[in-house]
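The figures that follow rest on heavy atoms only: side chains count, while hydrogens, waters and symmetry mates do not. What you are looking at is a predicted structure, and each value in this text was computed from that prediction instead of being measured.
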Amino acid sequence: WAIPSVNSTSDSIDINFETENLFASYTATISVNDGKTTTELFIQATVPAMDIYRLLDDPIRSRTYGIQQGGTYNGSIVAFDPIQESFSSCLTVGREPTDFVISPDGSELLVINSVDETISVIDLESFSYKETIQLPTYVNWGGAGETAANIELGPNGVIYYTDGAWAPKLHVLSRNTGTILQSTTF
């Protein structure tokens, strides 16, 4: 994760850090020898603890997805391979993701982001960002960490979602047209 290289132009050592796959605390020792003396550089990186909010198993692939919340910052979706017992990927989504659902054909993961009032769509084959759907109707009664939205899929491109209102509403959204078909208070 710490990769040193000699920069002969500036007569210095450059260190590049590859931290995207780090999930805890790591240390590295780099030895520098100028022909006469050896100097050791000690490097430590600490990655904040993960705040996995919810888990969802992929019915097609050997993956389990987790929502990593970021509060008012962007959250992420973490992919874990339960057979290899390792994290395989991490993808940034909107602010404060609170729920997600896999499409019936297993091709997409839809993540509802309560602070952004959006749905992030992830292509599961390539595990890459596909699109963002802006929610046309959404009420948030509190700040970050105080509300939670939920999402579920229906037939013919219908998305059901609840907003973050004190008395949440169930909204029925047509993904094809981007319009609300119906809203109901619980």
Side-chain angles (χ1 to χ4, degrees), residues 1 18-26 45-138 140 144-164 168-181:
W1 66 273
E18 293 183 7
T19 59
E20 65 186 34
N21 293 321
L22 301 183
F23 290 100
S25 178
Y26 295 82
T46 302
V47 179
M50 295 183 77
D51 181 17
I52 300 295
Y53 178 72
R54 182 164 282 157
L55 296 172
L56 180 64
D57 192 49
D58 190 319
I60 297 172
R61 297 158 202 85
S62 176
R63 289 188 199 146
T64 299
Y65 305 106
I67 294 176
Q68 166 74 19
Q69 290 194 319
T72 58
Y73 300 105
N74 286 347
S76 58
I77 300 300
V78 177
F80 179 79
D81 183 334
I83 293 173
Q84 298 296 322
E85 297 181 0
S86 65
F87 288 98
S88 58
S89 303
C90 185
L91 192 63
T92 301
V93 293
R95 294 183 297 155
E96 195 170 358
T98 56
D99 196 15
F100 50 9
V101 63
I102 295 175
S103 63
D105 67 358
S107 67
E108 296 178 328
L109 179 71
L110 285 79
V111 183
I112 191 162
N113 308 300
S114 63
V115 170
D116 283 350
E117 301 174 10
T118 63
I119 296 172
S120 298
V121 181
I122 297 171
D123 179 312
L124 289 179
E125 190 60 39
S126 62
F127 199 71
S128 62
Y129 167 81
K130 186 173 181 180
E131 69 176 303
T132 298
I133 300 170
Q134 188 66 44
L135 298 175
T137 302
Y138 193 92
N140 223 340
E146 296 177 4
T147 64
N150 297 292
I151 187 171
E152 190 56 63
L153 300 178
N156 303 317
V158 168
I159 300 172
Y160 300 100
Y161 70 94
T162 59
D163 61 21
K169 284 189 176 184
L170 171 64
H171 302 283
V172 182
L173 171 68
S174 168
R175 184 174 180 185
N176 301 329
T177 64
T179 59
I180 295 293
L181 303 175

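With Asp163 contributing its side chain and Lys169 its backbone, the two residues share a donor-acceptor pair below 3.5 Å. The main-chain N or O of Ala79 is never found under 3.5 Å from a side-chain atom of Ser89 such that the two would form a donor-acceptor pair. A donor-acceptor pair is defined here as one N or O able to donate and one able to accept, closer than 3.5 Å; no such pair exists between the side chain of Arg175 and the backbone of Ile133. Counting only distance, with no hydrogens or angles, the side chain of Thr162 and the backbone of Pro168 share no donor-acceptor pair below 3.5 Å.
Partners of Phe100 under the ring pair (Phe, Tyr, Trp, His ring centres under 6.0 Å) rule, at least two apart in sequence or in another chain, do not exist in this structure. Legend: residues meeting side-chain contact (heavy atoms from CB on, under 4.5 Å) with Pro104, ordered by chain and number and at least two apart, are Leu153. Here Ser128 pairs with Ser126 under the side chain to side chain donor-acceptor pair (under 3.5 Å) rule; sequence neighbours left out. Every residue meeting the side chain to side chain donor-acceptor pair (under 3.5 Å) condition with Arg61, not counting sequence neighbours, appears here in chain and number order: Asp58. Qualifying salt bridge (charged side-chain N to carboxylate O under 4.0 Å, His left out) partners for Glu152, counting only residues two or more places apart in sequence or in other chains: none. Every side-chain contact (heavy atoms from CB on, under 4.5 Å) that Val158 has, sequence neighbours left out, goes to Tyr160, Val172, Leu181. Applying the salt bridge (charged side-chain N to carboxylate O under 4.0 Å, His left out) criterion to Glu117, with sequence neighbours excluded, gives no partner residue. Partners of Ile151 under the side-chain contact (heavy atoms from CB on, under 4.5 Å) rule, at least two apart in sequence or in another chain, are Asp99, Val101, Leu110, Ile112, Ile119, Ile159. Checked against side chain to side chain donor-acceptor pair (under 3.5 Å), Ser86 has no partners two or more places apart in sequence or in another chain. Applying the side-chain contact (heavy atoms from CB on, under 4.5 Å) criterion to Tyr53, with sequence neighbours excluded, gives Ile67, Gln69, Thr98, Ala148. Contacts of Asn113 classified as side chain to side chain donor-acceptor pair (under 3.5 Å), with partners at least two apart in sequence or in another chain: Thr118, Ser120.
Counting heavy-atom neighbours within 6.0 Å of Gln134 CD, excluding the residue itself, gives a total above 12.
Between Asn150 and Tyr161 the shortest side-chain heavy-atom distance does not fall below 4.5 Å. With a 4.5 Å cut-off on side-chain heavy atoms, Tyr65 and Ile102 count as touching.
Taking both residues in full, the closest heavy atoms of Ser62 and Pro82 are given as O-CD, 3.7 Å, listed atom of the first, atom of the second, then distance. Looking at every heavy atom in both residues, Pro136 comes nearest to Ile180 through CG-CG1, 3.7 Å. Among all heavy-atom pairs drawn from Val78 and Cys90, the shortest one is CG2-SG, 4.1 Å. Residues Phe127 and Ile77 share a closest heavy-atom pair of CZ-O, 3.8 Å. Here the closest heavy-atom approach between residue Val111 and residue Pro97 is recorded as CG1-CB, 3.6 Å.
Ring pair Phe87/Phe80 is perpendicular by interplanar angle, where above 60° counts as perpendicular and below 30° as parallel.
Screening residues 73-83 for salt bridge (Lys or Arg N to Asp or Glu O under 4.0 Å), with sequence neighbours left out, gives no hits.
The existence of a salt bridge linking Glu125 and Lys130 is excluded, since no basic side-chain nitrogen approaches an acidic carboxylate oxygen closer than 4.0 Å.
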Any chance you could lay out the side-chain hydrogen bond (donor to acceptor under 3.5 Å, both in side chains) test for Ser107 and Asp105, step after step, and finish with the verdict? CA-CA 6 Å; Ser107 67; Asp105 67 358; 2.8 Å; yes
Start with the C-alpha distance between Leu56 and Thr64, add both sets of side-chain angles, then the distance that settles side-chain contact (heavy atoms from CB on, under 4.5 Å), and finish with yes or no. CA-CA 6 Å; Leu56 180 64; Thr64 299; over 6 Å; no
May I have the step-by-step check of side-chain hydrogen bond (donor to acceptor under 3.5 Å, both in side chains) for Asn74 and Thr92, ending in yes or no? CA-CA 7 Å; Asn74 286 347; Thr92 301; 5.9 Å; no
